Number of protein chains: 2
Amino acid sequence: MSCCKKNENSFNEEQLARFAKAMGHPTRIEILCFLASMDSCYFGDIHQELPIAKATVSQHLKELKEAGLIQGEIETPKVKYCINRENWEKAKTYFASFFDTLNEKTICCK
Amino acid sequence: MSCCKKNENSFNEEQLARFAKAMGHPTRIEILCFLASMDSCYFGDIHQELPIAKATVSQHLKELKEAGLIQGEIETPKVKYCINRENWEKAKTYFASFFDTLNEKTICCK
DNA sequence: AATATTGTTCGTAATTTTGCGAACAACAAA
DNA sequence: TTTGTTGTTCGCAAAATTACGAACAATATT
């Protein structure tokens, strides 16, 4: 058998880029930090923390939701948001694996 | 002394967002993975890996360089690129800290 | 039925990002 | 001096992002 094949990534590059893109805005990082510091909260609480229009907040939340990092639930008349823990762990693992690939290089079979 | 103050982040939110933004494109993730799998390589090697114009590759490299994740060095007539290890570690730590904030919540002083 | 509360969606404008070919710069080789 | 090699920069077009106010939807209250 020939030797020294490339190590397979333990993360999906497309998915990692999607997570990263969602995190690539200061306001969205702020929202994520805010949500990570509590179990859950309402839209209004998030809006109150930020110096921007509610329409803009709503848009950022939508992007974070579509990236899978948070989830929202209607609790009439409010909307409750929280971290999506399953995907949070997934993202955590992906980023960790990605940064660990440095120096790993190749593996040799046999 | 009053109690239960919020935990200070062990990462800079602005900086984290900047790292994330740079990583927020599939092509740039691909470049980073490629570079992370070796000590260094030339522009041409990177271009060869990708199905896009060299002008576009150059632009992506510029963004990664400005974000501090990679560095370039002229080795006439070629340009040698590699991971910026110092900032790579910094980014690795920032992302790890960020994802670890979940569940940490608050700390109580006595 | 009219009002109030809470967020989302729509329409719009300004800016940024992405991608390309062409032109260019720096240097080595013929 | 001309030619070739390697990448960057320029100028442009298309698309996506960011931000806002206004309008709207859903529900509860008066």
Side-chain angles (χ1 to χ4, degrees), chain A residues 13-35 38-84, chain B residues 13-35 38-84:
Chain A
E13 294 190 7
E14 291 284 337
Q15 180 64 64
L16 179 62
R18 231 171 295 136
F19 283 141
K21 188 176 182 183
M23 291 174 62
H25 192 288
T27 297
R28 289 196 291 269
I29 288 288
E30 213 171 332
I31 292 172
L32 290 172
C33 286
F34 186 65
L35 281 177
M38 58 189 62
D39 283 332
S40 70
C41 72
Y42 299 114
F43 173 90
D45 303 321
I46 300 170
H47 179 212
Q48 199 172 15
E49 285 290 302
L50 304 168
I52 56 180
K54 61 182 179 175
T56 308
V57 174
S58 196
Q59 216 169 274
H60 282 306
L61 289 169
K62 189 178 179 184
E63 284 176 61
L64 289 171
K65 201 163 49 182
E66 281 169 0
L69 291 172
I70 69 172
Q71 54 196 151
E73 182 188 351
I74 297 175
E75 230 173 60
T76 305
K78 300 186 178 182
V79 179
K80 193 170 77 176
Y81 281 98
C82 65
I83 297 293
N84 181 322
Chain B
E13 294 190 8
E14 291 283 338
Q15 180 64 62
L16 179 61
R18 232 171 293 138
F19 283 140
K21 188 175 182 184
M23 290 175 61
H25 191 288
T27 297
R28 290 196 291 270
I29 288 287
E30 213 170 331
I31 292 172
L32 290 172
C33 287
F34 185 64
L35 281 177
M38 58 189 64
D39 284 331
S40 71
C41 72
Y42 298 114
F43 172 90
D45 303 322
I46 300 169
H47 179 213
Q48 200 172 13
E49 285 290 302
L50 305 168
I52 56 180
K54 60 182 179 174
T56 308
V57 175
S58 197
Q59 217 170 276
H60 282 307
L61 289 170
K62 189 178 178 183
E63 284 177 61
L64 289 172
K65 202 163 48 181
E66 281 169 1
L69 292 171
I70 68 172
Q71 56 196 150
E73 181 189 351
I74 298 177
E75 231 174 60
T76 305
K78 301 185 176 184
V79 178
K80 193 171 77 177
Y81 281 99
C82 65
I83 296 293
N84 181 322

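Since the structure is predicted, the reported quantities are computational estimates derived from the model, not experimental observations. Lettering follows sequence order; numbering is per chain, from 1.
For Glu14(A), there are no side chain to side chain donor-acceptor pair (under 3.5 Å) partners at least two apart in sequence or on another chain. Listed by chain and residue number, Arg28(B) satisfy the side chain to side chain donor-acceptor pair (under 3.5 Å) test with Glu63(B) (two or more places apart in sequence, or in another chain). Contacts of Ala17(B) classified as side chain to side chain contact (heavy atoms under 4.5 Å, CB included), with partners at least two apart in sequence or in another chain: Pro26(A), Ile29(A).
Thr56(A) has no side-chain polar atom (N or O) that falls below the 4.0 Å cut-off from OP1 or OP2 of dA19(D). A sub-4.0 Å separation between OP1 or OP2 of dT5(C) and a side-chain N or O of Tyr42(A) is absent. Dashed line: the shortest gap from a side-chain N or O of Tyr81(A) to OP1 or OP2 of dT6(C) is not under 4.0 Å. For His60(B) and dG19(C), the shortest distance from a side-chain N or O to OP1 or OP2 is below 4.0 Å.
Computed from coordinates, the Phe43(A) CZ to dA25(D) P distance equals 18 Å when rounded to whole Å. With rounding to whole Å, Lys65(B) atom NZ is found 9 Å from dT8(D) atom C1'. Per the geometry, CG belonging to Leu61(A) stands 16 Å off P belonging to dT17(D), to the nearest Å. Atom CD1 in Ile29(B) sits about 12 Å away from atom P in dT18(C), given to the nearest Å. One can place CD1 of Ile46(B) at 9 Å from P of dG7(D), the figure rounded to the nearest angstrom. Atom-to-atom, NZ of Lys78(A) to P of dA28(D) comes out at 14 Å; the value is rounded to the nearest Å. Straight-line distance from the CD atom of Glu75(A) to the C1' atom of dT5(C): 15 Å, rounded to whole Å. At whole-Å resolution of the value, CD in Glu66(B) and C1' in dT8(D) are 13 Å apart.
Note on residues 47-56 of chain A: no pairs pass side chain to side chain donor-acceptor pair (under 3.5 Å), not counting sequence neighbours. Sequence neighbours left out, the pairs with a member in residues 71-80 of chain A that pass side chain to side chain donor-acceptor pair (under 3.5 Å) are Tyr42(A)-Glu75(A), Glu75(A)-Lys80(A). Within the structure, every pair that satisfies the side chain to side chain donor-acceptor pair (under 3.5 Å) test and touches residues 17-27 of chain B, not counting sequence neighbours, is listed here: Gln15(B)-Arg18(B).
Both Ile52(A) and Ser58(B) lie near DNA chain D, and the one whose nearest nucleotide falls closer to the 5' end is Ser58(B).
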With 3.5 Å as the limit, what N/O pairs link the protein to nucleotides 22-30 of chain C?
none

N/O to N/O distances under 3.5 Å, protein versus nucleotides 12-17 of chain C:
residue : atom : partner  : partner atom : Å
dT17(C) : OP1  : Lys21(B) : NZ           : 2.5

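Here the side chains of Cys82(A) and Asp39(A) are not in contact, with every heavy-atom distance at 4.5 Å or above. Within the 4.5 Å cutoff, side-chain heavy atoms of Ser58(B) are placed close to those of Phe43(B).
Considering CG of Leu69(A) and CD1 of Ile83(A), their distance stands at 7.5 Å, rounded to 0.5 Å.
Contacts of His47(A) with the nucleic acid, taken as non-hydrogen atoms under 4.0 Å apart, are absent.
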